Novice: 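Handing you this structure, nothing more for now.
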Amino acid sequence: MEPLFILENIDFAYKEGRRVLQGASFDLHAGERVALTGGNGTGKTTLLHLMVGLHKPQSGTLSAFGRARHSEHDFHEVRCRAGLVFQDPDDQLFSATVAEDVAFGPFNLGWERRRVAEAVDATLQKLDLADFHDRVVYHLSYGEKRLVALASVLVMQPEVLLLDEPNDGLDSAHSARLVDILQQSDCAMLIASHDRDFLKKVTNRAVKLADGGII
Amino acid sequence: MNLTDSLNNHYPASVLDRLDPRLRLLAALLLITVIILLQSRPALATVLGGAIVMAVAARPPLTVTLTRIIPLNVMLALFFPFIALAHVQGLQFGVSAKGLHLFIDIVLRANALLITALALVGSLDIPVLGHALVHLRVPRRLAHLLLFTIRYLEVMHREFMALSRAARVRNFHPGANRHTYRTLAAMVGQLLLRSLDRAERILKAMKCRGYNGQFHLLRHFSFRACDAVFALCFVPGCVLLIVFDRML
């Protein structure tokens, strides 16, 4: 079966000149749960952002779901099928209440209001967050915000989950819930993290970013 | 208590909560217009009484109400000498009847306006208020600006507190000197930069969830029988007030 993502010889440097990726190549297949490791500043977040078109590579090709992707328009579809969860939940959750935030993605997919409401309820239920439905986002704890941020992406039923340091700053109880949720999900995943124990529990393949390439 | 707690309403559930928030906003707008138009003191006193009845029905916590009403009246009291003495003629010293009447009118009107707003609008949750505004066709940008402000005020406050803590642990004591101004300017600049960065990251996160410029609302309101009853009492009440006012 064709890989979900194929990255070939990707070069990327930030505008201020910092070169992050050089000739990086990487495939992600259905059913794979890939651990993405590498030191600080090696480009883990950059790679995740490249995959959903938030950065454009200077050279190299990127294809997703069987098609080469170049323009903003191409990536719109990619973003609807591959969910990126940001490291800081305050970047991701911008609505006043939990339910509204979780509903944001499905509305963008063009779902009917009733279907959106049902999907929101079902997802919150599944992540054991049903009590949070009408909670105000800025009153949630950090761990709770992270779980809600994950819910806001899972509700869109993505085929691929891209997670940026999902375990960072979580206490053991929230971390255990996160592991449970990820183990139950059947999405392909790419998880950037430094936490080896966590990665061991949720991934089945590992790649490492070093010197601009992926090993 | 954190900064945004003050944006949240702490009102317990009340009869007014059964009303459509849109209706409450429109009712507040109508009554405020009426209060501004009233000229006679009995009419102003009546409308203040009505506002107090509504406020009692909205069951606002006493402390919240007092922290809003007391500052207004203290400020009005400060103006008392200027208003009441302004109409004293010639060289006589004292309070004129005309000035006193004017002052009483101002106190009645100001309190009626504030209490109406507290009862009908202040008891709405801010997210509900934002949505009601969108549904009332207030320009979406303005309503979303309100909602985003509420959401990120706390985050910005937290970032500023982090900066100020970082300065304090390095023994920074603000004073009236160049070093203080320079440090505060750096903090504000840093806050601005961080806010811009955050705004960019938020937009990226929104795009990742398929955002294409269109906002959809989860919350919809319905106009029900109790709303109709309220409107049928409220609108004629306002008309009667105006008629009563003009007859006096």
Side-chain angles (χ1 to χ4, degrees), chain A residues 45 48-49 51-55 72-73 75-113 116-117 120 133-140 142 145 149 152-153 155-156 158 162 164, chain B residues 1-10 13 17 124-134 143-159 162 194-222:
Chain A
T45 300
L48 296 177
H49 286 201
M51 289 170 75
V52 288
L54 295 178
H55 298 310
E72 184 69 16
H73 180 74
F75 278 106
H76 185 73
E77 191 207 337
V78 176
R79 290 172 193 152
C80 293
R81 295 172 69 178
L84 171 62
V85 182
F86 279 57
Q87 188 173 355
D88 183 350
D90 277 323
D91 291 341
Q92 187 139 10
L93 305 175
F94 63 88
S95 303
T97 66
V98 169
E100 281 164 36
D101 216 291
V102 176
F104 176 71
F107 272 129
N108 290 333
L109 294 177
W111 294 2
E112 289 275 309
R113 202 146 62 85
V116 172
V120 169
H133 194 278
D134 292 318
R135 288 272 296 275
V136 175
V137 171
Y138 52 72
H139 287 164
L140 301 180
Y142 183 75
K145 276 188 206 167
S152 73
V153 168
V155 70
M156 299 171 74
L162 305 170
D164 196 351
Chain B
M1 181 161 147
N2 63 20
L3 184 72
T4 36
D5 268 352
S6 54
L7 291 169
N8 240 3
N9 93 65
H10 299 280
D17 286 338
L124 286 173
D125 271 325
I126 302 268
V128 175
L129 174 65
H131 283 178
L133 288 174
V134 176
H144 287 299
L145 206 58
L146 173 74
L147 291 172
F148 271 93
T149 307
I150 303 155
R151 170 68 183 88
Y152 285 103
L153 204 57
E154 172 66 20
V155 175
M156 282 175 67
H157 180 243
R158 211 168 53 218
E159 286 191 345
R194 288 187 190 190
S195 307
L196 278 174
D197 275 350
R198 185 171 299 272
E200 245 163 50
R201 293 198 301 271
I202 295 165
L203 181 62
K204 280 180 180 175
M206 288 167 76
K207 280 185 182 172
C208 282
R209 287 195 277 160
Y211 175 68
N212 50 12
Q214 193 69 44
F215 262 110
H216 304 267
L217 292 184
L218 185 62
R219 212 189 299 247
H220 285 253
F221 304 112
S222 52

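Lettering follows sequence order; numbering is per chain, from 1. As the structure is a computational prediction, the values presented were derived from the model and not from experiment.
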Novice: Which bit of His55(A) is near chain B, if near means a heavy-atom gap under 4.5 Å: side chain, backbone, both or neither?
Specialist: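 The side chain, not the backbone.
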
Novice: Do Val52(A) and Lys207(B) pass the side chain to side chain contact (heavy atoms under 4.5 Å, CB included) test, and can you show the C-alpha distance, the side-chain angles, and the key distance before you say yes or no?
Specialist: CA-CA 9 Å; Val52(A) 288; Lys207(B) 280 185 182 172; over 6 Å; no

Novice: What part of Leu93(A) is in contact with chain B, defined as an atom under 4.5 angstrom from a non-hydrogen atom: side chain, backbone, both or neither?
Specialist: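 When you check distances to chain B, atoms from both the backbone and side chain of Leu93(A) fall under 4.5 Å.
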
Novice: Between chain B and each of Ala99(A), Cys80(A), Ser152(A), count heavy-atom pairs under 4.5 Å; write down the option with the most.
Specialist: Ser152(A)

Novice: Need one label for Asp101(A): side chain, backbone, both or neither, based on atoms under 4.5 Å from any heavy atom in chain B.
Specialist: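 Both parts, backbone and side chain.
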
Novice: Among Arg201(B), His144(B), Arg209(B), Lys204(B), who wins on heavy-atom pairs under 4.5 Å with chain A?
Specialist: Arg209(B)

Novice: What's the shortest heavy-atom distance between Ile202(B) and Phe94(A), and which atoms?
Specialist: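 In terms of heavy atoms, the two residues are closest at CG2-CB, 4.2 Å.
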
Novice: How close do Cys208(B) and Leu54(A) get, counting heavy atoms only, and between which atoms?
Specialist: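 That closest heavy-atom pairing would be SG-CD1, 3.7 Å.
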
Novice: Flag the pair Asp90(A) / Arg158(B) as yes when at least one side-chain heavy-atom distance between them is below 4.5 Å, and no otherwise.
Specialist: yes

Novice: Relative to chain B, which of Met156(A), Arg113(A), His49(A) shows the most heavy atom pairs under 4.5 Å?
Specialist: Arg113(A)

Novice: Could you tell me which portion of Glu77(A) (side chain, backbone, both or neither) has an atom closer than 4.5 angstrom to a non-hydrogen atom of chain B?
Specialist: neither

